[in-house]
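We use all heavy atoms of the structure for the numbers below, so side chains are in, but hydrogens, waters and symmetry mates are not. Per chain, numbering begins at 1; letters A, B, ... match sequence-line order.
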There are 2 protein chains.
Amino acid sequence: MATVRMSDVARAAGVSTMTVSNVVNGRPGVSEEVRRRVLRQLAETGYRMNVSARNLRSGHSGVIGLAVPGHDVPYFAALATHVAQEAERRGYRVAVEQTGAKEAGEVAAIRFSQAMDYDGLILSTVGMDLEKLDVGQAFPIVLLGERENPTAADHVSMANHAGSRAAVEHLAAQGAGRIAFIGGPETAEQTIHSLRLGGWREGLQDAGLACSPELIFEAPEVTMEAGRRAGRRVAERILADRAAGRDPIEAAFAITDSVALGAVRGLADGGLRVPEDLLLVGFDDIPEAAMAVPSLSSVAPDMSWTARRAVELLLERLGGQDGPTAGSPPAGREETIPWILQVRESSSPVRSKQERQLTDPTGAAS
Amino acid sequence: MATVRMSDVARAAGVSTMTVSNVVNGRPGVSEEVRRRVLRQLAETGYRMNVSARNLRSGHSGVIGLAVPGHDVPYFAALATHVAQEAERRGYRVAVEQTGAKEAGEVAAIRFSQAMDYDGLILSTVGMDLEKLDVGQAFPIVLLGERENPTAADHVSMANHAGSRAAVEHLAAQGAGRIAFIGGPETAEQTIHSLRLGGWREGLQDAGLACSPELIFEAPEVTMEAGRRAGRRVAERILADRAAGRDPIEAAFAITDSVALGAVRGLADGGLRVPEDLLLVGFDDIPEAAMAVPSLSSVAPDMSWTARRAVELLLERLGGQDGPTAGSPPAGREETIPWILQVRESSSPVRSKQERQLTDPTGAAS
DNA sequence: TTGTACGCGTTATCAT
DNA sequence: ATGATAACGCGTACAA
């Protein structure tokens with residue numbers, strides 16, 4: 001029951017620990033006969049490598065952290081899956097942390113990652129003031145999600161502006177005159193809120209549509225629940241405008257799919273339906289978007305690409321581990337995630353049932 | 001830039017490493033003056049504990065594994081959040097692994113957890129043959145989800161039978177005559193599939209309803225996509241029965257909420273609606289259930305309770321770490337998760353809009 | 001090809 | 001109250 005050490009195996013096999021180490025790690029320079037002998041003892045004794053000892057010796061833990069707002073946020077759950085795959089393929093493990101979408105949580109995640117001896121951190125920042133990063137002790141970090149913040153850390157950034165604008169232009173092209181925004185306020189700069197709100201504004205301008213503060217419905221948190229509350233207010237407004245003979249809101253762009261799906265629920269609470277009463281587009285293209293009724297149009301960032309690049313950028317920084325920092329990459333590299341606009345039922349003209357059955361209304365292509 | 005060791009801090013503060021260690025870990029027996037001196041050097045040098053060294057010395061890693069079918073399965077994402085909280089409160093970290101809901105993945109998770117030197121593992125088993133666990137090298141494991149498998153490991157088990165039966169009885173009480181099951185086949189015993197299918201059978205019997213194989217619609221994977229395909233087949237059947245003047249299926253119990261939500265989409269593909277054309281109840285009560293349109297009735301296990309007990313059981317086993325296994329708990333403890341049936345729109349008689357607005361249709365009670 | 005020291009950073013034990 | 005020393009289990013360098 002007591003732990004089996006490498007030296008135990010070595011003694012049992014009649015060799016030195018170094019030979020056992022060589023066999024375990026598949027290094028060359030061991031005769032076939034000895035190798036078999038060692039392998040047998042390895043199995044018989046039930047030897048398990050002591051990872052702590054190895055890490056202590058090698059100086060790195062083989063773990064990279066991934067800090068996301070929450071395990072239970074669909075977009076990040078999906079992202080975590082992809083990142084874990086990419087990292088595993090390269091011999092690293094991923095430990096997922098939660099930040100709670102709060103700046104304090106993000107700072108804590110950095111400190112925690114350092115404390116836990118992670119080799120690096122991929123930080124999905126929602127609202128962080130990035131200047132605070134430079135305080136970090138040259139700890140390898142890749143930022144995910146935001147943009148336009150010059151920093152020492154690398155960025156893999158979402159096309160928040162362009163994506164949002166495309167969503168709004170699409171809605172305008174559907175004939176919508178008044179297009180609302182459902183999401184956070186513009187208070188904090190360079191957050192998901194201000195960036196996507198900015199894209200909404202630009203989209204309205206490009207389409208020659210009015211952009212008034214009345215069109216903004218606040219969902220301060222990026223959750224379904226917040227979206228629902230906002231959706232209720234949208235419903236109230238539409239009903240009031242209709243009753244008063246004013247032009248009602250005809251479409252809305254929601255800051256994320258979760259908010260959008262919550263808004264659909266909120267509209268239903270008010271007796272209104274998507275897309276009959278309101279065209280709707282979200283952002284992220286989470287799996288639930290294609291499955292919802294109605295299926296949800298969404299700005300769809302390439303998640304595989306995102307995960308791959310994030311891992312690659314981080315590992316490049318990890319290169320000069322112990323040795324001199326030979327040929328480390330330049331600081332503050334910035335890359336933008338490819339994306340497309342995925343159009344589905346929620347922003348499409350209403351068709352008859354027959355028509356709907358002829359094509360796949362969820363856009364689940366390839 | 002080079003790592004700051006405890007001995008560096010000790011030298012700078014003019015004390016021994018042992019004193020620094022005592023300060024860092026908040027142990028008593030350090031004079032106030034020395035403590036302040038050390039604390040200052042700690043800050044100035046930017047010292048960070050080397051976790052590998054501490055683990056090597058203490059003999060345990062402070063990490064417990066949590067193996068779930070997938071990061072992106074809503075139920076397990078929520079569970080991971082809760083487990084992480086519980087563990088953190090007790091000074092442990094959680095590393096989440098994916099099993100892919102496959103037996104091979106579950107076995108691999110065990111081996112991996114051992115290899116990574118985790119102190120223990122919480123394994124959410126969906127389809128594992130538990131006898132294989134006894135092969136494990138007395139590695140602390142708590143099983144989550146299934147039941148009725150006598151094993152050396154502790155179980156925190158879902159009330160699969162009772163919950164499923166309650167769901168079916170509820171549907172019968174709504175007046176449904178033919179109640180379908182959407183989920184996996186009965187092939188593997190003691191899996192989520194066979195257990196919930198068994199509960200469905202018993203529920204039908206209790207209600208005096210017929211139980212024929214035609215009423216089973218297979219969703220082999222526990223995903224929205226599989227649910228959608230099954231939902232389409234349900235729709236086809238209902239339409240065919242109506243056209244032929246036969247009694248159509250009036251209600252369905254889906255093996256999980258994800259499958260249920262997929263089924264709603266599949267029914268919509270066929271032009272049918274919930275609950276107008278089919279009453280529906282799911283299992284798990286994931287957050288999305290309350291937010292869906294229509295909101296989804298569901299068997300709701302107490303997730304906080306689940307997470308807390310799982311962590312508690314595991315940590316109790318970890319008690320006798322280095323010392324003799326003094327007073328370790330008995331083997332194979334079995335506990336059942338408390339649950340309730342959460343009734344929402346998807347299994348309720350259709351009401352007018354006015355009625356719906358008077359009450360909260362999603363049952364989002366505290 | 002194989003074996004021998006030694007060090008990685010921390011903590012327990014025993015002394016002072 | 002504080003310090004010296006010996007492990008913890010593995011990998012590297014170098015010697016054989």
Side-chain angles (χ1 to χ4, degrees), chain A residues 1-39 41-42 45-62 91 114-119 137 321-323, chain B residues 1-39 41-42 45-62 91 114-119 321-324:
Chain A
M1 201 59 43
T3 310
V4 179
R5 305 196 281 297
M6 212 174 238
S7 60
D8 296 325
V9 179
R11 185 158 13 85
V15 299
S16 76
T17 61
M18 200 50 230
T19 301
V20 177
S21 174
N22 286 331
V23 171
V24 168
N25 295 292
R27 280 186 279 258
V30 181
S31 69
E32 203 44 47
E33 185 214 333
V34 173
R35 157 169 271 107
R36 261 201 297 277
R37 195 143 37 99
V38 171
L39 283 174
Q41 287 306 319
L42 244 24
T45 56
Y47 169 77
R48 295 192 281 128
M49 251 256 305
N50 182 313
V51 179
S52 292
R54 199 226 315 209
N55 291 346
L56 174 61
R57 187 66 183 115
S58 68
H60 77 287
S61 63
Q114 294 183 138
M116 291 316 288
D117 210 28
Y118 294 163
D119 294 337
Q137 320 254 347
Q321 193 64 34
D322 285 289
Chain B
M1 203 57 43
T3 310
V4 179
R5 305 195 283 295
M6 213 174 238
S7 61
D8 296 325
V9 178
R11 187 160 9 87
V15 297
S16 77
T17 61
M18 202 52 229
T19 301
V20 176
S21 176
N22 286 331
V23 171
V24 167
N25 294 290
R27 281 187 279 257
V30 180
S31 70
E32 202 46 45
E33 185 215 331
V34 172
R35 158 169 271 107
R36 261 200 298 276
R37 196 146 34 101
V38 171
L39 282 175
Q41 287 307 320
L42 245 23
T45 57
Y47 169 78
R48 297 190 281 128
M49 251 260 304
N50 182 313
V51 178
S52 292
R54 197 238 304 250
N55 292 345
L56 172 61
R57 180 61 218 191
S58 69
H60 76 290
S61 64
Q114 294 184 135
M116 291 317 288
D117 210 28
Y118 293 164
D119 294 337
Q321 193 62 36
D322 286 290

Could you check whether any side-chain N or O of N25(A) sits under 3.5 Å from a backbone N or O of S21(A), counting only pairs where one atom can act as donor and the other as acceptor?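 Flag set: sc N25(A) to bb S21(A) pair under 3.5 Å.
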Under 3.5 Å donor-acceptor, T45(B) side chain and Q41(B) backbone: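 Pair found, side chain donor or acceptor close to backbone of Q41(B).
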Which nucleotide span of DNA chain D, 5' end to 3' end, has atoms closer than 4.0 Å to non-hydrogen atoms of chain B? dA1(D) to dG9(D)
Shortest non-hydrogen contact from [X] to [Y]?
X: V23(B); Y: L39(B); answer: CG1-CD2, 3.8 Å
X: Y47(B); Y: V4(B); answer: CD1-O, 3.3 Å
X: A53(B); Y: L56(A); answer: CB-CD1, 3.8 Å

Output one letter per nucleotide in nucleotides 7-16 of chain C: B when a protein non-hydrogen atom lies under 4.0 Å from the base, S when only the sugar-phosphate is that close, - when neither is. BBBBBB----
Measure the spacing between CG of N50(B) and CG of N55(B) and express it to the nearest 0.5 Å. 8.5 Å
Would you call R35(B) and V38(B) a side-chain contact if the rule is heavy atoms closer than 4.5 Å?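 Result no, sub-4.5 Å side-chain heavy-atom pair not found.
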